[in-house]
Amino acid sequence: MHVSVDGKLVALEAGATYADLARAAGVPDALAARQGGQIYELFRPVAAEGEAELLRFFDADGAMVFHHTSTHMMAQAVRRLYPDAKFAIGPADAEGFFYDMDLSHQLGPDDFPAIEEEMRRIAAADYAVSREVLPRREAEALFAELGESLKLEILARLPEDAEISIYRQGEFVDLCRGPHLSRTGLVQAAKVLSVAGAYFAGDESRPMLQRLYGTSFPTKEGLEEHLRLLEEAKRRDHRRLGRELDLFTFHDVAPGFAFWQPAGTAIYRELEGFSREVQARYGYREVMTPWIFRPDLWQTSGHWGHYRENMFVVESEDETVALKPMNCPGHCLLFQETVRSYRDLPLRIAEYGPLSRFERSGTLHGLLRVRGFHQDDAHIFLREDQIGSGIEEVLEILRVIYGTFGLQYRVELSTRPEEYLGERALWDRAEGELAAALDRAGLPFRINEGDGAFYGPKIDVHVIDALGRQWQCATVQLDFQFPLRFGLEYRDQEGKAQTPVMVHRAIFGSIERFLGILLEHFAGAFPSWLAPQQARVLPVADRHLEYAQSVASELRALSLRAEADTRDEKLGYKIRSAAADKVPYLLVVGDREAEEGSVSVRARGETKSTALPRAAFAGRLAEEVRARRLELGAHAE
RNA sequence: GCUGACGUAGCUCAGUCGGUAGAGCACCUGCAUGGUAAGCAGGAGGUCUCGGGUUCAAAUCCCGACGUCAGCUCCA
């Protein structure tokens with residue numbers, strides 16, 4: 001038989017395995033093979049003639065197979081050390097793996113070295129991995145005998161006609177769909193990373209299992225490189241950078257609410273100002289509405305029935321009131337305050353006010369998940385014939401704003417959830433309108449079934465940061481429900497009452513969260529327009545203090561954020577300190593500069609400096625900030 | 001909320017067997033007046049998260065609360 005690999009035709013004898021294929025094709029580091037969309041172990045016979053693909057560790061699917069066997073090895077190690085361990089599921093992806101297990105011993109970091117050591121033994125033994133397909137009865141008998149009660153449950157949940165396969169390596173046997181490596185000896189470097197709780201099948205009502213996380217590589221060097229990347233992510237953690245750069249802090253007495261230091265507030269206000277500027281260009285008008293309302297409003301909006309567990313409810317003068325988690329109901333009231341004409345539409349109303357949402361204590365996470373935050377929120381009231389253009393306009397704003405940060409993004413369309421308001425037909429139409437607008441904007445999207453808001457479907461946007469991680473930020477929601485519930489209307493050409501359609505949208509999403517994401521994306525080294533301090537003047541000796549102050553105040557007169565470092569320290573110390581603060585431009589001033597009225601500019605990340613007349617530098621920096629340039633260039637010749 | 005770990009100076013952390021607390025950085029003072037990533041010396045700074053308990057004695061052991069972290073569940 002003939003199989004082609006990478007366009008190369010390979011002749012094989014009947015009954016040959018994928019290992020034979022790998023040998024014949026000259027791919028010694030193949031881990032598994034893919035053919036007809038399915039992944040096979042190397043020890044399995046070639047399924048068909050035609051094209052096949054040999055998977056190696058640097059293919060995402062190859063790494064997944066590698067990690068899958070690794071997680072079995074981890075389970076095998078745990079079983080040897082703790083014979084009472086029962087296993088649930090042990091999935092893998094390209095990054096690593098975990099295994100959910102139940103055992104009487106509470107695992108902790110102190111136990112990891114022993115588990116890793118045992119995994120090394122399993123690798124050294126180089127067990128062959130084998131696969132068997134069993135009738136359901138026999139599989140049940142096998143796992144019953146092994147006391148694997150969780151495996152029995154999983155078995156019982158498998159569909160009637162499922163093929164039931166088990167894998168063995170040495171004394172270890174596992175119910176598993178595969179695919180796997182052919183030998184345990186390939187896993188030369190493995191690390192147990194952490195342990196955390198996880199519910200069996202995600203069911204909160206069940207006792208919690210222990211989930212053991214790990215990762216593995218074919219070589220020690222690969223593992224070390226990966227551990228370095230984890231360190232890098234830790235170094236960029238916005239909570240750490242927020243503290244180091246004095247941007248914001250949290251306090252025990254206000255969990256989920258940030259204290260914004262002056263430096264953090266400066267960035268926050270820049271983001272807000274940027275949003276205002278762009279939105280004003282598109283005809284948005286900003287409003288301010290109350291942040292505490294009586295329940296009547298929440299009843300009308302439906303929040304009382306669908307969102308109450310996420311709201312802060314307060315007693316006040318014998319009545320119950322609630323803090324707003326969203327602006328939409330307030331904006332509906334505001335719309336209603338005036339008689340509206342079709343000429344007023346689309347009416348774009350923006351608000352940056354405070355929102356409060358009750359989040360369960362275990363879910364809080366720095367700025368990325370808080371209880372008190374602000375959105376760059378807006379509601380657009382439209383005629384039905386304006387839906388398409390309205391959504392497209394929002395997608396354009398999205399492009400403008402994300403483009404300014406150099407952020408890539410990915411789009412999802414979230415459809416009707418199980419708990420929803422209104423009629424199905426309206427939902428279907430709304431979903432269709434959103435999909436059509438995305439198509440027209442040329443944005444490919446994924447459907448996220450059942451993840452819409454209770455009042456309408458939404459477009460969710462995930463930004464991709466410098467480390468390739470994805471974060472949900474923008475949301476665009478089309479809503480036919482609120483206008484009906486609030487009885488909103490406008491007069492058409494004939495003077496007849498019509499119901500408008502509403503679009504809920506936020507581009508940053510939560511400004512707090514967006515700032516946290518930017519902080520990690522830029523690793524704290526913000527472009528100059530966002531930097532809390534845009535330039536710092538460093539006097540060489542104290543006879544230059546006065547000149548340094550005058551340079552700084554000239555910059556401040558141009559609305560630039562600049563300070564002089566007047567501390568009684570040497571220049572090297574101040575340079576180092578400014579580098580730690582990630583200030584974009586350092587302006588060194590000594591005898592020479594004071595005499596010529598110049599500054600010696602050193603840009604962040606560079607060691608060379610450039611002498612410039614102070615007015616020239618000020619003008620260039622002001623222009624760079626005005627244009628919101630991503631790269632530092634105000635010092636260039 | 002659930003499971004587990006953790007909570008010591010502003011920050012990062014040490015503190016052995018239970019015997020009343022320590023380092024580096026930061027801060028303040030003095031000397032040094034300096035030219036591109038840490039000058040030298042000194043000083044101040046603590047209700048060891050909080051509340052109970054055990055003990056002659058608790059940062060240390062036990063219980064509870066709160067917070068943080070890793071996840072789960074939920075979400076901007």
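So you know, we letter chains A, B, ... as the sequences are listed, proteins then strands, and number each from 1.
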Engineer: Scan side-chain atoms only and decide if Gln477(A) and Tyr455(A) contain a donor-acceptor pair under the 3.5 Å cut-off.
Structural biologist: yes

Engineer: If each of His251(A) and Arg513(A) is mapped to the nucleotide of RNA chain B with the nearest heavy atom, which maps nearer the 5' terminus, i.e. the 5' end?
Structural biologist: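 The 5'-side residue here is His251(A).
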
Engineer: Please tell me which of the listed nucleotides, C2(B), A76(B), G67(B), lies nearest to the side chain of Val370(A)?
Structural biologist: A76(B)

Engineer: Counting Watson-Crick and G-U wobble pairs only, both distances under 3.5 Å, name the nucleotide matched with U29(B), or none.
Structural biologist: A41(B)

Engineer: Among U36(B), C2(B), A70(B), which is the nearest nucleotide to the side chain of Leu571(A)?
Structural biologist: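 Of all the options, the side chain of Leu571(A) is nearest to U36(B).
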
Engineer: Before we go on, tell me: are the rings of His504(A) and Phe482(A) under 6.0 Å apart, centre to centre?
Structural biologist: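 Yes.
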
Engineer: Quick check: any donor-acceptor pair below 3.5 Å linking the side-chain of Arg369(A) to the base of C74(B)?
Structural biologist: yes

Engineer: Over all strands shown, is Asp568(A) touching base, sugar-phosphate only, or nothing at heavy-atom distances under 4.0 angstrom?
Structural biologist: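 Base contact.
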
Engineer: Need the pair for U68(B). Rule: Watson-Crick or G-U wobble, both distances under 3.5 Å, any strand; none if unpaired.
Structural biologist: A5(B)

Engineer: What's the gap between U33(B) and G43(B) when it is taken at their C1' atoms, as a whole Å value?
Structural biologist: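 It works out to 23 Å between them.
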
Engineer: Planes under 30° and centres closer than 5.5 Å, is that true for Tyr573(A) with the base of A37(B)?
Structural biologist: no

Engineer: Between P on A26(B) and CZ on Arg243(A), what's the gap in Å once rounded to a whole number?
Structural biologist: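 One finds 17 Å between P of A26(B) and CZ of Arg243(A), rounded.
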
Engineer: Just call it for Asp460(A): base, sugar-phosphate, or nothing, with non-hydrogen atoms closer than 4.0 Å on any strand.
Structural biologist: nothing

Engineer: Calculate the interatomic distance between Asp102(A) atom CG and U3(B) atom P; express it in whole Å.
Structural biologist: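 Value for this atom pair: 14 Å.
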
Engineer: Would you mind classifying the nucleic acid contact of Ser600(A) as base, sugar-phosphate or nothing, using non-hydrogen atoms under 4.0 angstrom?
Structural biologist: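 It contacts base atoms.
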
Engineer: Determine the contact category for Phe250(A): base if any of its heavy atoms lies under 4.0 Å from a base atom, sugar-phosphate if only primed atoms, P, OP1 or OP2 are that close, otherwise nothing.
Structural biologist: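 Phe250(A): no heavy atom of the nucleic acid under 4.0 Å.
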
Engineer: Applying a 4.0 Å non-hydrogen cut-off, can you work out what Arg357(A) is touching in the nucleic acid: base, sugar-phosphate, or nothing?
Structural biologist: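 Base contact.
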
Engineer: Which part of the nucleic acid, if any, lies within contact of Glu359(A), taking any heavy atom under 4.0 Å across all strands shown: a base, the sugar-phosphate backbone alone, or nothing?
Structural biologist: base

Engineer: Name the one of Met311(A), Arg357(A), His331(A) that satisfies side-chain contact (heavy atoms from CB on, under 4.5 Å) with Met326(A)?
Structural biologist: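 Answer after filtering Met311(A), Arg357(A), His331(A): Arg357(A).
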
Engineer: Regarding Glu606(A), tell me which of base, sugar-phosphate or nothing describes its non-hydrogen contacts under 4.0 Å with the strands shown.
Structural biologist: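 No contact at all - Glu606(A) keeps every heavy atom at 4.0 Å or more from the nucleic acid.
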
Engineer: In the strands shown, is G22(B) matched to any nucleotide by a Watson-Crick or G-U wobble pair with both distances under 3.5 Å, and which?
Structural biologist: C13(B)

Engineer: Do Glu593(A) side-chain and G35(B) base share a donor-acceptor contact under 3.5 Å?
Structural biologist: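 Side chain to base: pair found, below 3.5 Å.
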
Engineer: Check this for me: Gln470(A), atom CD, are more than 12 non-hydrogen atoms of other residues, nucleotides or ligands nearer than 6.0 Å?
Structural biologist: yes

Engineer: Mind checking the CD1-CD spacing from Ile154(A) to Glu148(A)? Nearest 0.5 Å is all I need.
Structural biologist: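 Rounded to the nearest 0.5 Å, the CD1-CD separation comes out at 9.0 Å.
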
Engineer: Provide, to the nearest angstrom, the distance between the CD1 atom belonging to Ile507(A) and the P atom belonging to A76(B).
Structural biologist: 15 Å

Engineer: Do we get Arg276(A) above Tyr352(A)'s six-membered ring, with its NZ or CZ under 6.0 Å from the centre and within 45° of the axis?
Structural biologist: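 Yes, a cation-pi geometry holds between Arg276(A) and Tyr352(A).
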
Engineer: Looking only at N and O atoms, is any donor in the side chain of Arg360(A) or the base of U73(B) less than 3.5 Å from an acceptor on the other one?
Structural biologist: yes

Engineer: Using the C1' atom on both, measure C56(B) against U20(B) and round to a whole Å.
Structural biologist: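 One C1' to the other, the span is 14 Å.
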
Engineer: Return no unless some side-chain N or O of His374(A) is found under 4.0 Å from OP1 or OP2 of A76(B).
Structural biologist: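 No, outside the criterion.
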
Engineer: Without decimals, in angstroms, what is the distance between Lys574(A) NZ and A26(B) P?
Structural biologist: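 For the pair Lys574(A) NZ and A26(B) P, the rounded distance is 14 Å.
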
Engineer: Can you tell me, in whole Å, how much space there is between the P of G19(B) and that of A59(B)?
Structural biologist: 9 Å

Engineer: Has Arg567(A) got a side-chain N or O lying under 4.0 Å from the OP1 or OP2 atom of C27(B)?
Structural biologist: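 Result: yes.
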
Engineer: What is the separation between atom CD1 on Ile89(A) and atom C1' on C72(B), rounded to the nearest whole Å?
Structural biologist: 12 Å

Engineer: With ring centroids as reference points, do Phe358(A) and Tyr307(A) lie under 6.0 angstrom apart?
Structural biologist: no

Engineer: Checking contacts here: which listed nucleotide (U68(B), U73(B), A70(B)) is nearest the side-chain heavy atoms of Leu364(A)?
Structural biologist: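 Nearest to the side-chain atoms of Leu364(A), counting from C-beta on, is U68(B).
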
Engineer: In whole Å, what separates the C1' atom of C75(B) from that of G71(B)?
Structural biologist: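 Here C75(B) and G71(B) have their C1' atoms 16 Å from each other.
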
Engineer: Of all the nucleotides listed (G71(B), A37(B), G39(B)), which has the minimum atom distance to the side chain of Arg576(A)?
Structural biologist: A37(B)

Engineer: Can you work out whether Lys458(A) or Ala541(A) has the more 5'-proximal nearest nucleotide on RNA chain B?
Structural biologist: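 Nearest-nucleotide comparison on RNA chain B picks Ala541(A).
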
Engineer: Expressed as a whole number of Å, how far does the C1' atom of U29(B) sit from that of G45(B)?
Structural biologist: 14 Å

Engineer: Can you tell me if Arg602(A) touches the phosphate of A37(B), counting only side-chain N or O atoms and a distance under 4.0 Å to OP1 or OP2?
Structural biologist: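 It does, given that an N or O in the side chain of Arg602(A) lies less than 4.0 Å from OP1 or OP2 of A37(B).
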
Engineer: Hey, is CD on Glu595(A) packed in by over 12 heavy atoms from elsewhere, all under 6.0 Å?
Structural biologist: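 Not more than 12 within 6.0 Å, no.
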
Engineer: With a 3.5 Å limit on both atom pairs, tell me what U73(B) is paired to, counting Watson-Crick and G-U wobble, or say none.
Structural biologist: none

Engineer: When rounded to the nearest 0.5 angstrom, what is the spacing between CG in Leu587(A) and CG in Leu612(A)?
Structural biologist: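 Reported value, rounded in 0.5 Å steps: 9.5 Å.
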
Engineer: Distance check needed: U36(B) C1' versus Leu612(A) CG, whole Å only.
Structural biologist: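 Whole-Å distance recorded here is 16 Å.
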
Engineer: Send over the distance from Lys570(A) NZ to U36(B) P, rounded to a whole Å.
Structural biologist: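 Atom NZ in Lys570(A) sits about 10 Å away from atom P in U36(B).
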
Engineer: Could you work out the separation of C48(B) and G7(B) based on their P atoms and round it to a whole Å?
Structural biologist: 15 Å

Engineer: Would you mind pulling out the nucleotide paired to C61(B), Watson-Crick or G-U wobble, both distances under 3.5 Å?
Structural biologist: G53(B)

Engineer: Quick one: is A76(B) close enough that its OP1 or OP2 comes under 4.0 Å of any side-chain N or O from Gln375(A)?
Structural biologist: no

Engineer: If we take the P atom in both G4(B) and C62(B), what is their distance in whole Å?
Structural biologist: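 15 Å, rounded to whole Å.
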
Engineer: Looking at Asp542(A) and U33(B), is any side-chain donor or acceptor paired with a base atom of the opposite kind under 3.5 Å?
Structural biologist: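 Donor-acceptor pair under 3.5 Å: yes.
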
Engineer: Work out how far the C1' atom of U60(B) is from that of U16(B), and round it to whole angstrom.
Structural biologist: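 The answer is 11 Å between these two C1' atoms.
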
Engineer: Examine the base of U33(B) for any acceptor or donor lying under 3.5 Å from a partner atom in the side chain of Arg543(A), and report the outcome as yes or no.
Structural biologist: no

Engineer: Let me know the distance between CG of Leu245(A) and C1' of A26(B), rounded to the nearest Å.
Structural biologist: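 In whole Å, A26(B) C1' and Leu245(A) CG are 15 Å from each other.
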
Engineer: When you get a sec, tell me which of G35(B), G71(B), A76(B) is the closest nucleotide to the side chain of Asp591(A)?
Structural biologist: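 Minimum distance to the Asp591(A) side chain belongs to G35(B).
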
Engineer: So what does Gly572(A) hit on the nucleic acid, given a heavy-atom distance under 4.0 Å: a base, only sugar-phosphate, or nothing?
Structural biologist: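 Contact class for Gly572(A): sugar-phosphate only.
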
